[in-house]
Amino acid sequence: MMMNVLAALLVLGILGLVFGTILAIASKVFEVKTDPRFPEIMDCLPGANCGGCGYAGCSSAANAIIDGKAPVSCCPVASAEAVAKIAEIMGVEAAAGEREIAHVICNGGTAAKKKFEYIGVQDCLGAMKVGGNGPLECAYGCLGMGSCVKACGFDAIKIGDNGVPVVDPDKCTDCMQCAVACPRDLIVSVPVSKKVFVECANKQKGAAATKVCANACIGCGLCVKECKFDAIKVVDNVAVIDYAKCKNCKLCTKVCPKDAISPIATKEEKEKYKAIKKAQAEKAKAAAEAKAAEAAKASAEETKENA
């Protein structure tokens, strides 16, 4: 009996040795070579797998960087130091550029009129499918159900007091998962240094826009006329800012009659600016009149001399 047990153990040991040897040989034969830079780059990436880079996860992004299919700065979450380290690993220079963050281009919220009171699942896409494009009269406005909040993996976006999401610039990594979750495409990426925003996406003409939201841009063009840097245009009945030209002067905010451009100027700021503009206009008029009078006098004297 004991001999049978020993024999069985011996056979099992030999089989284990044989199969182990076969597996060891197979692992060498079929080994997938890993680029030595891969683990180094992975150490620089955050491991959030947020998809903000456009790839399935951090490992896919690392492989894309190694293969030359993605820039060393493709990860929007990685810090400047991490990007510099990846560039060093890859033997290239990291492109310098300003950090960008997400921004919600709507300030309707409680100011937007409702067709009905929605009491279903708190999901923007789901709400949009109810009652023909959702509960809001404005077909362009934020639904405020918080789909973007749920999509953010960095706790960088919250529903504000007026029912519209607000982005925390210190926490935002510009992964833009919030934008992916927004069915109305109201979340865009902007340079973190920019402070002026048109808070409306309604493409309806003025009267129709204000009919559905008290905060809607009416496309009047006063902001366009006031901007000294050609940084704002009215496109499809709504003002749009060119951030490559915007200087954060905020003059457009002081002339917007609907307070559709933030930071919203106070009544006192608007009155003060009107007074300044009036004084400038009066000064310009006086100068023009003086110049005209001087020209008329000179013309009269010349006529007198020639007589």
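When reading the values below, keep in mind they use all heavy atoms of this one structure, side chains included, and skip hydrogens, waters and symmetry mates.
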Colleague: Any donor-acceptor pair under 3.5 Å linking the side chain of Q122 with the backbone of G146?
Modeller: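 Absent.
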Colleague: Which pairs with one or both residues in residues 183-202 pass salt bridge (Lys or Arg N to Asp or Glu O under 4.0 Å), sequence neighbours excluded?
Modeller: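 Counting only pairs at least two positions apart or across chains, no salt bridge (Lys or Arg N to Asp or Glu O under 4.0 Å) contact touches residues 183-202.
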Colleague: Return all side-chain donor-acceptor pairs below 3.5 angstrom for residues 156-166, not counting sequence neighbours, or 'none' if the list is empty.
Modeller:
from, atom 1, to, atom 2, distance (Å)
K158, NZ, D155, OD1, 2.4
N162, OD1, V164, N, 3.2
N162, ND2, N107, OD1, 2.8

Colleague: Please go through L143's hydrophobic cluster and name the other residues, only I, L, V, M, F, W, Y counting, with side-chain heavy atoms under 4.5 Å joining them.
Modeller: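 Direct or chained contacts put L143 with F116, Y118, V121, M128, V130, L136, M145.
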Colleague: SG of C142 to CD1 of I187: how many Å apart, nearest 0.5 Å?
Modeller: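 Interatomic distance, C142 SG to I187 CD1, rounded to 0.5 Å: 7.5 Å.
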Colleague: Measure the spacing between CG of L186 and NE2 of H103 and express it to the nearest 0.5 Å.
Modeller: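 Answer for the CG-NE2 pair, L186 versus H103, is 10.5 Å.
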Colleague: Output side-chain donor-acceptor pairs under 3.5 Å for residues 228-236, partner residues at least two apart or in another chain, one line each.
Modeller:
from, atom 1, to, atom 2, distance (Å)
D230, OD1, K233, NZ, 2.5
D230, OD2, K245, NZ, 3.2

Colleague: May I ask you to check whether Y243 and E98 show a side-chain donor-acceptor distance below 3.5 Å?
Modeller: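 Y243 vs E98: no donor-acceptor pair found between side chains.
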Colleague: Between K205 (side chain) and G219 (backbone), is there a donor-acceptor pair under 3.5 Å?
Modeller: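 Not confirmed, K205 side chain does not pair with G219 backbone.
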Colleague: Does atom CD (E294) have a neighbourhood of more than 12 heavy atoms from anything else shown, all under 6.0 Å?
Modeller: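 No.
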Colleague: Tell me, which pairs form a salt bridge (Lys or Arg N to Asp or Glu O under 4.0 Å) where one or both residues lie in residues 114-130, sequence neighbours left out?
Modeller: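 Qualifying pairs: K114-E117.
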Colleague: Is K277 salt-bridged to E226, cutoff N-O under 4.0 Å?
Modeller: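 Between E226 and K277 there is a salt bridge, with a charged N closer than 4.0 Å to a carboxylate O.
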Colleague: Could you tell me which residues satisfy side chain to side chain donor-acceptor pair (under 3.5 Å) with D170, sequence neighbours excluded, listed by chain and number?
Modeller: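 For D170, no residue satisfies side chain to side chain donor-acceptor pair (under 3.5 Å) once neighbours in sequence are set aside.
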